[in-house]
Protein chains: 2
Amino acid sequence: MVYRSAMKIGELSKTTGVSIDTIRYYEQRTLLPEAVRTQSGYRQYSGNDITRLKFIVQAKELGFTLKEISQLLGIQSSDCRDVKLIAESKALEMEGRIAKLSRMKEVLLELADKCGQSGNDDPCPILKSLEELT
Amino acid sequence: MVYRSAMKIGELSKTTGVSIDTIRYYEQRTLLPEAVRTQSGYRQYSGNDITRLKFIVQAKELGFTLKEISQLLGIQSSDCRDVKLIAESKALEMEGRIAKLSRMKEVLLELADKCGQSGNDDPCPILKSLEELT
DNA sequence: CTTGACTCTGGAGTATGCTTTATGGTTTAT
DNA sequence: ATAAACCATAAAGCATACTCCAGAGTCAAG
């Protein structure tokens, strides 16, 4: 895997699919570190920024807010004293989400099964199934 | 499990933890059906509404937008003809999320492990770990 | 050396998901 | 019967997360 170490914001945008404005916005929100600048003031990025930006995108897709992602990434900036604790608590949080998603998935599949079997004009049993979730 | 079949918006709010205003907002957004009214115009709710509202809360915590939740719940209002397909595709979507969350969790635990072992002043290896994610 | 693509900053605008405010009717307990 | 608590609508306001200008500098190609 070869990363050209220097690229401008447009290229970072293209390789990550994140818009230029959004990249600058993330910098403002400190999700990305302040970019190194060329003499003329252009932002310079590296492979690390690609990785970080892709991580942000993934986390967002999973429903984390920018604030939470900032926390997740903030782990890096800490001095490694309580990183272990933070990372473990975040992992637990994810486990909770996984459990909820699994239950929702089960409910939906059950529903699919029931609706597949029952006649087309029967009322769908979704609300009944949803009760199992709570 | 006994539900009193009739309750006003304040009680629904208390039992679900969702604010009165938000409940009305969800009705506006058609996440909740238009509530039956008393002669005086007060909204009347039942156990079904509790279930539905709790489902909405759960789905929101999992990062679904109101639009997506509307779709999930919309399954009910369809005539059971393609419910099976919709439910299955949603379940697949959740599986994808679960996979991503699992990977993020693994990365975080690895990170916790590494940071726990390494000296307190070493740089944290988070970015390296993040690469495994993408 | 100029055209066109790219970048900069600062600020305004937009969509989503509430939350608050203003104004007024209803219900209930004393 | 009246105060306190509850409910109604409509509209404005707010936080988050972008998204889109305006006005201006930078740079590579012909």
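Treat the numbers as computed from the prediction; the structure is a model and nothing was measured. In the text below, chain A, chain B and the rest are named by the order of the sequence lines, each starting its count at 1.
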### Query
Out of D:dC18, C:dT7, C:dT9, which has the shortest distance to the side chain of A:Tyr25?
D:dC18
#### Entry: Integer-rounded Å distance: C:dT7 P and A:Gln44 CD
11 Å
### Query
Quick one: are B:Leu31 and B:Phe55 in side-chain contact, heavy atoms under 4.5 Å?
no
### Summary
note: B:Lys14, atom NZ; D:dA5, atom P; distance rounded to Å ~ 11 Å
### Query
Taking NZ, NE, NH1 and NH2 as the nitrogens, is one of them in B:Glu34 or B:Arg43 under 4.0 Å from a carboxylate oxygen of the other?
no
### Query
Could you give the CZ-to-C1' distance, from B:Arg29 to C:dG17, as a whole number of Å?
7 Å
### Query
Is any side-chain heavy atom of A:Ile56 less than 4.5 Å from a side-chain heavy atom of A:Tyr26?
yes
### Task
Rounded off to whole Å, could you give me the CG-to-C1' distance for the A:Asp21 and C:dA12 pair?
13 Å
### Rounded interatomic separation in angstrom, taking CZ from A:Arg24 and C1' from D:dC20
11 Å
### Query
What's the closest nucleotide to the A:Tyr26 side chain, out of C:dG17, D:dC18, D:dA8?
D:dC18
### Query
Quick one: is C:dT19 close enough that its OP1 or OP2 comes under 4.0 Å of any side-chain N or O from B:Thr22?
yes
### Task
Would you mind reading off the distance between A:Leu12 atom CG and C:dC6 atom C1', rounded to a whole angstrom?
15 Å
### Query
Could you state the interatomic distance from OH (A:Tyr45) to CZ (A:Arg52), rounded to the nearest 0.5 Å?
12.0 Å
### Query
Are OP1 or OP2 of D:dT26 and a side-chain N or O of A:Arg37 less than 4.0 angstrom apart?
no
### Message
Nearest heavy atom decides the nucleotide; on that basis, is B:Leu66 or A:Gly41 closer to the 5' end of DNA chain C?
### Response
A:Gly41
### Query
Looking only at side-chain N and O atoms, does B:Tyr42 come under 4.0 Å of OP1 or OP2 in C:dG25?
no
### Message
Whole angstroms only, please: what is the CD-C1' distance between B:Glu27 and C:dC18?
### Response
16 Å
### Task
Report yes if a side-chain nitrogen or oxygen of A:Lys67 is closer than 4.0 Å to either non-bridging phosphate oxygen (OP1 or OP2) of D:dA15; otherwise report no.
no
### Task
For A:Ser19 and for A:Thr38, find the nucleotide of DNA chain D with the closest heavy atom, then tell me which residue's nucleotide is more 5'.
A:Ser19
### Query
Just checking B:Thr65: base, sugar-phosphate only, or nothing, at a heavy-atom cut-off of under 4.0 Å?
sugar-phosphate
### Task
Report yes if at least one side-chain N or O of B:Lys60 is closer than 4.0 Å to OP1 or OP2 of C:dC18; otherwise report no.
yes
### Message
So, OP1 or OP2 of D:dA8: does either fall under 4.0 Å of a side-chain N or O from B:Arg43?
### Response
yes
### Message
Using OP1 and OP2 only, check whether a side-chain N or O of B:Ser40 sits under 4.0 Å from C:dT27.
### Response
yes
## Note on the structure
When rounded to whole Å, the CD to P distance for the pair B:Gln28 and D:dA10 reads 9 Å
### Message
Counting C-beta onward and ignoring hydrogens, is there a side-chain heavy-atom pair between B:Thr16 and B:Asp49 closer than 4.5 Å?
### Response
no
